[in-house]
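First comes the structure, then the notes that go with it.
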Amino acid sequence: MFNSLKLKLTFINVGITGLIILFLTSGIYIITRHNLEIQTRQLMLMIASDSETEALYPTEGEERNRLNYFYVVINNSGKFTKISARVPMPPEQIQILADTALNSGKPTGRLWLQDNKSLSFLISPEKNRTEATIVFVSDDYENKVLEELLTALIISSLFGLTLVFLSSLYVAEKALRPIKKSWERQKNFVADASHELRTPLSVIQTNLEVVLDNPHQSVENQEKWLDNIKKETERMADLVNDLLFLARADSQQKILLFKEFDLDSLLVRTLKTFEPLAVNKNITLKSSIYSQVKLWGDESRIQQVVVILLDNAIKYTPQTGEITLELKDAGNSVEITVSDTGQGIDEKHLDKIFERFYRVDDARSKKSGGTGLGLAIAQWIIKEHHGTIKIESLPEKGSRFI
């Protein structure tokens with residue numbers, strides 16, 4: 001699909017460029033031809049004005065075919081009264097050319113000879129009005145210039161179109177690369193989402209079948225199966241919410257609402273909501289929060305990032321562990337750090353940790369209720385605030401999200 005699209009884009013670009021080149025080269029050719037015709041006309045006018053200085057007939061032994069112009073003076077009865085000293089053909093042929101020029105009814109024009117050559121002519125009335133000077137100029141020079149120009153234009157156009165074709169292929173490939181990557185990512189995203197949704201649906205269906213197979217049992221006796229259904233429903237609801245958030249983010253919808261807020265107060269409030277969870281796991285929560293820090297951003301989404309990081313820290317930090325939330329003011333920027341003394345992450349996973357549905361330990365993540373989307377959401381929110389998020393971690397030593 002992408003190869004055909006790449007070729008289609010390339011040929012469209014080459015076609016448009018070809019039309020532009022055709023337009024430009026045609027313009028150059030037409031303008032050059034027009035200028036040559038003006039020069040030829042000026043030359044014929046100059047020859048006509050200087051015709052009185054020429055000899056009556058050509059001299060003996062003169063090489064007529066090397067001449068590129070000549071003229072004749074003809075009276076009202078059609079007789080020659082004067083012929084230029086250098087003529088490339090016998091008088092009877094000149095008579096035919098003169099009669100053809102006069103019969104054309106035009107003061108200027110072009111006559112075609114038998115050898116596929118042409119002559120431009122100009123009829124200039126004499127002052128006595130009883131005679132007219134007819135100047136003939138060979139078009140060999142003009143035709144040669146136009147032929148060489150046309151050849152040069154065709155060669156340069158073909159060379160230019162070849163370069164355009166090759167560069168268009170390269171540009172199309174480069175332009176389609178992020179689209180291809182996005183397409184593959186979207187395919188994987190849909191496949192992963194389908195897989196993630198299928199698991200809780202299967203659990204719900206299985207537990208429902210157990211309940212339906214025992215219709216006479218009380219709710220209390222079925223509590224175990226109903227509790228499983230409730231947990232999987234809640235997990236699926238969280239997953240769907242995360243998927244909807246990322247779908248809106250990918251479609252460039254306006255999700256964030258920016259305003260100025262107290263970042264330090266937000267972090268303090270968010271940390272307090274995790275105190276019961278920390279107490280249940282006998283985890284120590286610490287904080288080092290710089291006071292009176294203002295931030296321009298989406299307050300709820302920044303809180304969502306902190307919740308995601310603290311929630312992960314709680315899940316993957318063992319009992320008697322320690323979690324620290326820090327806020328530093330760096331003048332034009334702020335730095336939030338969530339560190340823990342948990343199990344840590346191996347280095348090979350660090351460059352993939354923010355990918356959607358990526359889990360370092362799939363079984364443990366599902367057991368803890370994770371969807372594999374939290375860090376991807378956090379990264380998107382931080383990037384939309386023109387910030388960065390990174391992780392420093394060592395196995396069995398803990399992790400620091402900055």
Side-chain angles (χ1 to χ4, degrees), residues 186-250 255 269-285 300-301 303-323 338 340-345 349 353 355-378 399:
Q186 192 70 24
K187 282 173 57 181
N188 295 334
F189 180 66
V190 172
D192 291 338
S194 301
H195 175 74
E196 292 294 330
L197 288 170
R198 186 165 54 245
T199 302
L201 285 172
S202 298
V203 174
I204 291 172
Q205 184 178 3
T206 303
N207 283 272
L208 279 175
E209 288 175 355
V210 173
V211 173
L212 293 174
D213 287 341
N214 299 278
H216 302 295
Q217 294 286 336
S218 64
V219 173
E220 184 178 357
N221 291 335
Q222 305 275 30
E223 184 179 0
K224 175 183 178 182
W225 317 118
L226 294 174
D227 186 56
N228 288 341
I229 294 172
K230 179 176 179 294
K231 288 180 179 178
E232 290 302 319
T233 303
E234 290 173 348
R235 179 170 173 266
M236 190 165 60
D238 290 338
L239 178 60
V240 169
N241 287 333
D242 289 344
L243 290 173
L244 288 174
F245 178 89
L246 290 172
R248 291 173 62 195
D250 290 340
I255 301 176
R269 293 196 309 270
T270 305
L271 188 63
K272 286 183 179 180
T273 62
F274 282 88
E275 288 179 355
L277 294 174
V279 170
N280 288 339
K281 289 190 67 174
N282 196 22
I283 294 174
T284 303
L285 286 181
S300 63
R301 296 304 178 187
Q303 184 177 29
Q304 184 179 1
V305 172
V306 179
V307 167
I308 290 170
L309 298 181
L310 287 175
D311 184 58
N312 284 344
I314 291 286
K315 287 176 183 176
Y316 303 117
T317 299
Q319 292 190 1
T320 69
E322 188 176 286
I323 297 173
V338 177
D340 61 63
T341 57
Q343 63 191 49
I345 302 171
H349 299 291
I353 198 72
E355 294 180 7
R356 299 175 185 184
F357 293 111
Y358 186 82
R359 295 185 177 94
V360 175
D361 187 337
D362 192 67
R364 184 174 296 183
S365 297
K366 289 185 177 180
K367 184 178 179 181
S368 63
T371 64
L373 296 174
L375 291 178
I377 292 173
S399 303

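Because the structure is a prediction, the values reported are computed rather than measured. The first residue of the sequence shown is numbered 1, and numbering continues consecutively from there.
- Between E275 and K272 there is no salt bridge, since no side-chain N of the basic residue sits under 4.0 Å from a carboxylate O of the acidic one.
- The CG atom of N282 sits 6.0 Å away from the CD atom of Q319 when rounded to the nearest 0.5 Å.
- In this structure, CD in E234 is found 12.5 Å from CD1 in I229, a value given to the nearest 0.5 Å.
- Within the 3.5 Å criterion, the main-chain N or O of I314 finds a donor-acceptor partner in the side chain of K281.
- Here the closest heavy-atom approach between residue T273 and residue T270 is recorded as OG1-O, 2.5 Å.
- Listed here is the closest heavy atom pair of P318 and T341: CD-O, 4.1 Å.
- Put simply, CZ on R356 and CG on L375 are 13.0 Å apart, with the number rounded to the nearest 0.5 Å.
- From L246, atom CG reaches atom CG of N241 across 11.0 Å, with rounding to the nearest 0.5 Å.
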Could you go through I255 and R301, starting from their C-alpha distance and side-chain angles, then the distance that decides it, and tell me whether this counts as side chain to side chain contact (heavy atoms under 4.5 Å, CB included)? CA-CA 9 Å; I255 301 176; R301 296 304 178 187; 3.6 Å; yes
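- Under the 4.5 Å side-chain criterion, counting only non-hydrogen atoms from C-beta, L226 is not in contact with N207.
- The shortest distance between side-chain heavy atoms of W225 and T206 does not fall below 4.5 Å.
- When all heavy atoms are compared, the tightest approach of T317 to G321 is CG2-CA, 3.7 Å.
- Inter-residue side-chain proximity for E322 and D340 is flagged as unmet; no heavy-atom pair is nearer than 4.5 Å.
- A donor-acceptor pair is defined here as one N or O able to donate and one able to accept, closer than 3.5 Å; no such pair exists between the side chain of D227 and the backbone of E223.
- Side-chain contact check for N221 versus N214: every heavy-atom pair is 4.5 Å or farther apart.
- Side-chain contact check for T284 versus I323: every heavy-atom pair is 4.5 Å or farther apart.
- Counted within 6.0 Å of CD on E220, heavy atoms from surrounding residues, nucleotides or ligands total 12 or fewer; the atom is thus considered open.
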Evaluate the criterion side chain to side chain contact (heavy atoms under 4.5 Å, CB included) for residue pair D311 and F274; output intermediate values, then yes/no. CA-CA 8 Å; D311 184 58; F274 282 88; 4.0 Å; yes
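- Atoms CG and CG, on L208 and N228 in that order, are 10.5 Å from each other to the nearest 0.5 Å.
- Expressed to the nearest 0.5 Å, how far CD of E355 lies from CG of L373 amounts to 12.0 Å.
- Of all heavy-atom pairs spanning V211 and Q222, the tightest one is O-NE2, 3.4 Å.
- For G344 against S399, the heavy-atom pair with the smallest separation is CA-OG, 3.7 Å.
- Between E232 and L201, the closest side-chain pair of non-hydrogen atoms is not below 4.5 Å.
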Would T320 and I283 count as a side chain to side chain contact (heavy atoms under 4.5 Å, CB included) if you check the C-alpha gap in whole Å, the side-chain angles of each, and the deciding distance to 0.1 Å? CA-CA 5 Å; T320 69; I283 294 174; over 6 Å; no
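- Looking only at side-chain heavy atoms (C-beta outward), L310 and V338 come within less than 4.5 Å of each other.
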